[in-house]
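Report on the structure given below.
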Amino acid sequence: MLDMTQWWRGSVIYQIYPRSFLDARGDGVGDLPGITANLDYVAELGVDAIWISPFFPSPMKDFGYDVTDYRGVDPMFGSFHDFQMLLERAHELGLKVIIDLVLSHTSDQHHWFVQSRSSRENQKSDWYVWADPKPDGTPPNNWLSFFTGSAWTFDSRRRQYYLHNFLSCQPDLNFHNPAVRQAQLDNARFWLDMGVDGFRLDTSNFYFHSAELENNPALGSGEIKTPSVPASNPYSMQRHQFDISQPENLGFLAELRKLMNEYPETVTVGEISDDRPLERMVEYTKGDDHLHMAYTFDLFDAKFEARELRNIIEHFQYYAGDAWPCWALSNHDVMRVVSRWTSAEHLEQRGPQVAQLATVMLCSLYGSVCLYQGEELGLPEGDVPYERLVDPYGLALWPDYKGRDGCRTPMPWTDGERGGFSTAEPWLPVDVHHRRLSVDRQTQEPDSTLNANRRFLRWRKSQPAMLGGTLILSDFDDELLGWLRVSRDQAILAVFNLTDRTRTTTLPAGAGDFAYRDGFAAELDEGTLTLPAFQAAFIEVARESIDPQALIEQEPDPERQGFLQRLLSSLMGQDDGRPH
């Protein structure tokens, strides 16, 4: 039976990318005081928590994901006192605070690596992944960096190669070494003692590599590449069998969970990038001894089509058991969802509709949600000219892939110059189109994307079925997507029209009136639903019309019995109450 008293179940987590949220100090880069200054805005959205991308000391080669000190604050973002003030203010507003821990690798300027590379005999010589060259001097195997090229760089001091799954200045730690694992657990404890409410774990399936260093096989014909990796990146041409997602990873996640259990109501959210991410997410979150929840890149790759989105949800349910997902449509690593799901020529007209539809669909899924800053405004991908690019990933694959700068442009607070983000020239340009979608401008428009999302998120918080109810996919045609959210005492049918044409459908037995209609133009007429283009409907369904035992008996596939058993127990006995 699900324990819905745990705050993170069904929560909405608002991701803040600190470089781009608000510059309070006038140097063109967002900072911690800037976040604190606008926490009221975040709380008013109706979200439950914030996730802050890395603010630790770093040379910023990968913009904070190359850490030199796990227990500090980079002066670029402020001081340790600034973080304490942020934490205090967030808690006053009822917001949980999740920080981004990059455990799998460090900067090459971290003192651990400086010592490790100095010789083969020092105390930290095996804290990183070192390997001898092949007899011909080439790297130990064929593993590739996510950022293109070999995952190995030769170091002349040790006359060995070191492993880096990302940039060469981001060496991978050797998690086969117990001292490394303990050091990272100690770093996590430091922030838990400070009072943070949990961690978003960067690349949470990258901690271990195969100690035998076997070559990865080529991606076979018909096999699916790692989601969100551009076809122009050679990384997508391998099946990542030996460099990531090793069995030992589960052991470390169990050690981390044991630590988290010492701090009640704290949570872990794992990022999973894998060839089979949904299966990995289930493996890492089922039971109560690994991650609390995790998200994958499946929705980041998904087309705006009912059939494809249904397949992703169905695929998760096939393996789910008691696993708890955390879904996302955008973040700091992928093109914003409005631009992925709307063609450039239709962006002005359809963008706001698609943006609102995408957010309510995301927030109607079973599980928790990560909402990336600006998603509530319906921001499309920012336009960043080549001469302003700073992302090393984009620079390496230009022009086929423009990198991640377009989703990291500054948050538009006003429609004035620089979007109210800073008094100085921002580190990335503020898109002119974004200024027309600014917070100030949308706040003054009652029917804006921002205000519509605020109202929906507040309504969602009061609906037990939407927070923790089981999700039962509904049978519509290939152009409508829908599901029932069912808890012990409530059932809501959610239907989404992902096309540019009006669609009609017959509702199931027990369907009643609208449960929520604000901002949508759906119509009901004697059991028939009419949905205009890019619209959603939320309809009350009589709880007594749903027979969970009949649903189980209709399912012939024994592999889904775990999911269906959870369905039965949650419908018949779960407590849907959740404190807010």
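Values reported hereafter were calculated over all heavy atoms of this structure, with side chains retained and with hydrogens, waters and symmetry mates removed.
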Identify the two heavy atoms, one from I50 and one from V42, that lie closest to each other, and give their separation to 0.1 Å. CG2-CG1, 3.7 Å
Regarding [X] and [Y], does a basic nitrogen lie under 4.0 Å from an acidic carboxylate oxygen?
| X | Y | value |
| --- | --- | --- |
| R336 | E375 | no |
| D322 | K286 | no |
| D275 | R280 | no |
| D333 | R408 | yes |
| E265 | K96 | no |
| E255 | K258 | no |
| D23 | R25 | no |

Give a yes-or-no answer on whether the side chains of R71 and N187 include a donor-acceptor pair shorter than 3.5 Å. yes
How about [X] and [Y]: are their ring centres within less than 6.0 Å of each other?
| X | Y | value |
| --- | --- | --- |
| Y161 | W143 | no |
| Y128 | H110 | no |
| F242 | H209 | no |
| F208 | F252 | no |
| W8 | F199 | no |
| W459 | F538 | yes |
| F80 | W191 | yes |
| F63 | Y17 | no |

For D82, check side chain to side chain contact (heavy atoms under 4.5 Å, CB included) against everything at least two apart and list the hits. L32, P33, S79
Test: R19 cationic atom under 6.0 Å from W427 six-membered ring centre, within 45° of axis: yes
Quick one: sort the Y14 and Y41 rings into parallel, tilted or perpendicular, breaks at 30° and 60°. perpendicular
Would you call the rings of H105 and F166 parallel, tilted or perpendicular, where under 30° means parallel and over 60° means perpendicular? tilted
Matching residue for H332 among R404, Q373, Q15 - test: side-chain hydrogen bond (donor to acceptor under 3.5 Å, both in side chains): Q15
Just so I know, are the side chains of W413 and N38 near enough to count as touching, which here means a heavy-atom distance under 4.5 Å? yes
Checking [X] side chain against [Y] main chain: does a donor-acceptor pair fall under 3.5 Å?
| X | Y | result |
| --- | --- | --- |
| Q109 | T68 | no |
| R120 | R158 | yes |
| T266 | G198 | no |
| N331 | Y372 | no |
| R485 | S364 | yes |
| R181 | L256 | no |
| D405 | D391 | yes |
| T285 | L291 | no |

I'd like to know whether CZ of R117 has more than 12 heavy-atom contacts from other residues, nucleotides or ligands below 6.0 angstrom. yes
Does the pair D298 and W327 meet the rule for a side chain to side chain donor-acceptor pair (under 3.5 Å), with working shown? CA-CA 9 Å; D298 293 81; W327 301 101; over 6 Å; no
Sequence-distant partners of S107, side-chain hydrogen bond (donor to acceptor under 3.5 Å, both in side chains), two or more places apart: none
